[in-house]
Amino acid sequence: MKVLVATEKPFAKAAVDGIRNIVEGAGHTLALLEKYTAVDDLYAAVADADALIVRSDKVTKEVIARAKNLKIVVRAGAGFDNLDLAACSEKEIVAMNTPGQNSNAVAELAIGMMIYMSRNNFTPGTGSELKGKTLGIQAYGNVGRLVAKIAKGFGMHIMAFDPFVSAEVISKDGVTVAASLDELYTKSNFVSLHIPATEQTKKSIGYNLISKMPKGGCLVNTARKEVINEEELVKVLTEREDLKYVSDIAPDCIAELNEKFGKRVFATAKKMGAETAEANINAGLAAANQICKFFATGDRTFQLNK
Ligand code: 3PG
């Protein structure tokens, strides 16, 4: 079988070497398409691939239509909003992600961003500490849990809101359960977003929630830019000169935010939450192993389009 790794943002070399060992060790061949700039290159590369490993690369119905031999696509990472699951299902292609494999990298970045904003973007001036502050975690999944665990070490009070996780699971970690999103935003000096981008969550974080944050509040987004209502973000940052926004990947309106709010806003140019050697290796190798296991035994653990 031919396994294609198609990554506009490539894996670290150690991850690619590991993927190659697994794929070739199982008797398959590996093809690489890295740092491609034109979607036509992806179209050409998938034409004879039996399996596909991607990161945030968009696997659209146009890609699927050209991938005549494709049997499985694995998103090496957590969020799968880049996969057209319906198109995969239509062609009986199994789609998977690798949940949990890059969570620690994202969680560490969320904490790092909180420190960066608390310390005035590492420029002179008196900042503040995380200790004693309340951190609200919106969605208590793999990343949210790790952020809670690390933040505890800083002496923060942790609250979480997640309608899909039971109160018992949250409170056994010593985390206070917020009864509503309103409560989470009202009581948290920092809110850290860990929700996926879905039809329900897109543009769901806007004026009503952010304006509830206490004085000096900071919204931390290492999830997806799409979950923010950007117009309302501009409005609330204009009205509330004390609030801050930090995001892993620039919002569409970043130029306006930079111009209007200066150091109160910071965004990475390219999504870098999972950009560590460890996360690349964990997610990349997991993807390769999942593909080889699927071909060897039909294993469908982590299938998304059931
Ligand atoms: C994820 O959903 O796993 C993260 O956002 C990482 O995405 P990336 O592989 O594009 O860095």
Side-chain angles (χ1 to χ4, degrees), residues 3-16 18-19 32-37 39 42 51-60 63 73-85 88 95-113 137-147 150 162 164 192-202 205 220-228 246-252 267-291 301-305:
V3 179
L4 172 68
V5 175
T7 45
E8 182 269 323
K9 189 174 61 179
F11 288 116
K13 185 180 177 304
V16 176
I19 292 170
L32 284 180
L33 175 70
E34 293 180 314
K35 294 190 191 173
Y36 58 94
T37 49
V39 73
L42 179 59
L52 176 61
I53 296 175
V54 292
R55 292 184 62 178
S56 288
D57 309 81
K58 288 193 170 53
V59 182
T60 60
V63 173
V73 53
V74 181
R75 191 280 191 246
F80 50 89
D81 44 309
N82 54 322
L83 305 183
D84 187 330
L85 294 184
C88 290
M96 296 182 180
N97 65 348
T98 65
Q101 297 293 346
N102 57 20
S103 305
N104 189 66
V106 181
E108 286 189 12
L109 185 72
I111 300 285
M113 286 180 145
I137 295 179
Q138 186 173 345
Y140 203 66
N142 289 315
V143 183
R145 279 162 223 225
L146 283 167
V147 172
I150 300 168
D162 192 329
F164 303 104
S192 192
L193 301 176
H194 302 292
I195 47 177
T198 65
E199 286 321 306
Q200 290 72 43
T201 64
K202 280 180 188 166
I205 311 300
V220 184
N221 183 6
T222 55
R224 289 291 184 269
K225 67 174 181 173
E226 289 82 2
V227 303
I228 301 291
V246 58
S247 176
D248 182 22
I249 195 171
D252 294 335
T268 55
K270 225 169 196 191
K271 187 148 61 80
M272 58 168 296
E275 286 288 78
T276 65
E278 294 89 338
N280 277 196
I281 292 167
N282 290 342
L285 271 52
N289 279 321
Q290 286 171 215
I291 286 170
T301 311
F302 305 122
Q303 183 173 358
L304 301 162
N305 56 340

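Scope of the values below: all heavy atoms of this structure, side chains included, with no hydrogens, waters or symmetry mates. In listed order, ligands and their atoms are each counted from 1.
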Numbered atoms and elements of ligand 1 in range of Arg224, under 4.0 angstrom, heavy atoms: 1 (C), 2 (O), 5 (O)

Member of Leu83, Thr7, Val5, Leu42 meeting the side chain to side chain contact (heavy atoms under 4.5 Å, CB included) criterion with Val54: Leu83

Closest protein heavy atom to atom 9 (O) of ligand 1, given as residue, atom name and distance to 0.1 Å: Arg55 NE, 3.0 Å

For the student: nearest non-hydrogen atoms of Ala279 and Ala105, plus distance: CB-CB, 3.7 Å

Side chain, backbone, both or neither: Asn102 near ligand 1, heavy atoms under 4.0 Å: side chain

pair Ile205-Ile195: side-chain heavy atoms closer than 4.5 Å: yes

Which of the ligand 1 atoms, numbered from 1, are nearer than 4.0 Å to a heavy atom of Gly77: 3 (O)

4.0 Å heavy-atom contact, Arg75 with ligand 1: yes

Val16 and Glu34: CA distance, side-chain angles, deciding distance, side chain to side chain contact (heavy atoms under 4.5 Å, CB included) verdict: CA-CA 11 Å; Val16 176; Glu34 293 180 314; 3.6 Å; yes

Nitrogen or oxygen atoms of Gly79 and ligand 1 under 3.5 Å apart: yes

Point-to-point distance, once rounded to the nearest 0.5 Å, from CD of Glu278 to CG of Asn104: 8.5 Å

Side-chain (Asn305) to main-chain (Ala95) donor-acceptor, under 3.5 angstrom: yes

Identified salt bridge (charged side-chain N to carboxylate O under 4.0 Å, His left out) partner of Glu8 from the options Arg55, Lys270, Lys58, Lys35: Lys270

Heavy-atom nearest neighbour of atom 11 (O) of ligand 1 within options Glu8, Met272, Lys9: Lys9

Numbered atoms of ligand 1 (with element) below 4.0 Å of Ala274, judged on heavy atoms: 6 (C), 11 (O)

Geometric N/O contact Ala78 with ligand 1, under 3.5 angstrom: yes

Protein contact to atom 4 (C) of ligand 1 [nearest heavy atom, distance to 0.1 Å]: Lys271 NZ, 3.7 Å

Proximity flag Glu275 to ligand 1, non-hydrogen atoms under 4.0 Å: no

Backbone of Ala267 reached by a side-chain donor or acceptor of Ser247 within 3.5 Å: no

For atom 10 (O) of ligand 1, the protein heavy atom that lies nearest, with its residue and separation: Ser56 OG, 2.4 Å

